[in-house]
Amino acid sequence: MNVRHILVPTDFSPFSDLALRVASSLQEKFNARVTVLHVLTPLEADALTAQPGNPWENVVLQIQNAITEEVEKNAPSLPRESVNLEVVVGEPAEEIARFAEENGVDLIVMGTHGRTGLAGILLGSVTVGVIRRTCVPVVVVKCPEKLK
Ligand code: ATP
Ligand code: MN
């Protein structure tokens with residue numbers, strides 16, 4: 001399997017932090033391109049752009065800055081020129097799967113859980129939704145505390 005393009009969907013949770021660390025080590029082995037993608041729901045996007053003086057371009061920049069910070073913290077050895085930052089609006093699982101299919105992603109690395117999930121549930125709804133929708137292999141990561 002040739003891994004040229006790795007997709008890391010982030011919700012800025014410790015699970016996404018861990019996914020970035022895993023993706024970074026895979027990136028090195030395969031010399032792959034890495035896209036880090038955050039999906040805003042339409043409700044979140046509306047709330048952010050409703051703030052005065054905060055047009056959509058600003059929202060995108062703010063989120064891209066947050067992604068850059070997360071990447072620098074968790075994957076400092078990832079070459080900057082290998083990383084793309086993407087922000088889209090929609091239903092997260094749908095957009096993650098769509099991005100993977102439309103952009104020739106070879107591997108998705110994401111958390112078993114995210115920001116809002118219950119620990120008793122095996123997989124969060126976004127992870128389940130992505131696995132359901134895509135044929136791209138998905139690596140799911142957990143136990144961030146083990147890698148501190
Ligand atoms: P739920 O949202 O179902 O209550 P959860 O928050 O624990 O549960 P998920 O939302 O499925 O779990 O998150 C699992 C992984 O999916 C995260 O670690 C992250 O990689 C990805 N993810 C979740 N939400 C988003 C999002 N809005 N944009 C990009 N990636 C996301
Ligand atoms: Mn979630």
Side-chain angles (χ1 to χ4, degrees), residues 3-30 32-51 54 56-78 80 82-148:
V3 180
R4 279 163 307 191
H5 190 183
I6 300 169
L7 176 63
V8 185
T10 180
D11 66 351
F12 304 104
S13 65
F15 294 94
S16 301
D17 293 349
L18 177 63
L20 275 170
R21 295 169 67 171
V22 171
S24 175
S25 106
L26 291 169
Q27 187 282 334
E28 210 183 320
K29 288 190 179 69
F30 290 101
R33 189 151 63 90
V34 176
T35 297
V36 190
L37 167 71
H38 181 67
V39 185
L40 289 170
T41 62
L43 221 65
E44 289 170 331
D46 284 349
L48 289 167
T49 49
Q51 291 164 19
N54 208 26
W56 173 241
E57 301 73 57
N58 271 18
V59 170
V60 171
L61 279 177
Q62 285 156 9
I63 293 172
Q64 284 178 330
N65 287 342
I67 298 175
T68 301
E69 217 174 277
E70 191 185 26
V71 170
E72 280 172 358
K73 218 180 251 170
N74 297 285
S77 60
L78 208 52
R80 280 201 76 112
S82 308
V83 183
N84 309 314
L85 312 179
E86 294 285 341
V87 181
V88 301
V89 179
E91 197 279 307
E94 206 175 300
E95 295 305 323
I96 293 163
R98 183 211 309 279
F99 186 94
E101 300 292 334
E102 290 180 356
N103 294 278
V105 166
D106 302 301
L107 192 69
I108 302 170
V109 184
M110 63 193 300
T112 53
H113 295 87
R115 268 188 311 195
T116 60
L118 302 170
I121 289 171
L122 179 61
L123 291 174
S125 63
V126 176
T127 303
V128 169
V130 170
I131 293 170
R132 185 170 285 146
R133 285 175 172 86
T134 190
C135 290
V136 175
V138 180
V139 173
V140 288
V141 300
K142 64 172 188 175
C143 302
E145 69 277 6
K146 289 251 164 79
L147 279 171
K148 256 178 203 155

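In listed order, ligands and their atoms are each counted from 1.
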Cut-off 3.5 Å, no hydrogens considered: what does the side-chain donor-acceptor table look like for residues 120-141, sequence neighbours left out?
| from | atom 1 | to | atom 2 | distance (Å) |
| --- | --- | --- | --- | --- |
| T127 | OG1 | G111 | O | 2.7 |
| R133 | NH1 | G129 | O | 3.3 |
| T134 | OG1 | E101 | OE2 | 2.7 |
| T134 | OG1 | V136 | N | 3.1 |

What distance do [X] atom [atom1] and [Y] atom [atom2] have between them, rounded to the nearest 0.5 Å?
{"X": "F15", "Y": "M110", "atom1": "CZ", "atom2": "CE", "value": "12.0 Å"}
{"X": "L7", "Y": "F99", "atom1": "CG", "atom2": "CZ", "value": "6.0 Å"}
{"X": "H5", "Y": "F30", "atom1": "NE2", "atom2": "CZ", "value": "14.5 Å"}
{"X": "L18", "Y": "T112", "atom1": "CG", "atom2": "OG1", "value": "8.5 Å"}

Requested in this report: Compare L18, D11, T116 and give the one whose heavy atom is closest to atom 2 (O) of ligand 1.
Outcome: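 Answer by nearest heavy atom: T116.
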Distance to 0.1 Å, residue and atom name: give those for the protein heavy atom nearest to [atom].
{"atom": "atom 16 (O) of ligand 1", "answer": "M110 CE, 3.2 Å"}
{"atom": "atom 29 (C) of ligand 1", "answer": "T10 O, 3.1 Å"}
{"atom": "atom 17 (C) of ligand 1", "answer": "H113 O, 3.3 Å"}
{"atom": "atom 15 (C) of ligand 1", "answer": "G111 O, 3.4 Å"}
{"atom": "atom 22 (N) of ligand 1", "answer": "V126 CG1, 3.8 Å"}
{"atom": "atom 26 (C) of ligand 1", "answer": "V39 O, 3.8 Å"}
{"atom": "atom 5 (P) of ligand 1", "answer": "G114 N, 3.2 Å"}

Under a 4.0 Å heavy-atom limit, does [X] contact ligand 1 with its side chain, its backbone, both, or neither?
{"X": "S125", "value": "both"}
{"X": "I121", "value": "neither"}
{"X": "L37", "value": "backbone"}
{"X": "R115", "value": "backbone"}

Item to complete: Please confirm whether A19 comes under 4.0 Å of ligand 1, counting heavy atoms of the residue only.
Response: no
Would you mind writing out the side-chain donor-acceptor pairs for residues 57-64 within the sub-3.5 Å range, not counting sequence neighbours?
| from | atom 1 | to | atom 2 | distance (Å) |
| --- | --- | --- | --- | --- |
| Q62 | NE2 | N54 | OD1 | 3.1 |

Distance-only donor-acceptor check, side chains T10 and E70, under 3.5 Å: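 Short answer, yes.
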Side-chain donor/acceptor of Q27 to backbone N/O of A32, under 3.5 Å: yes
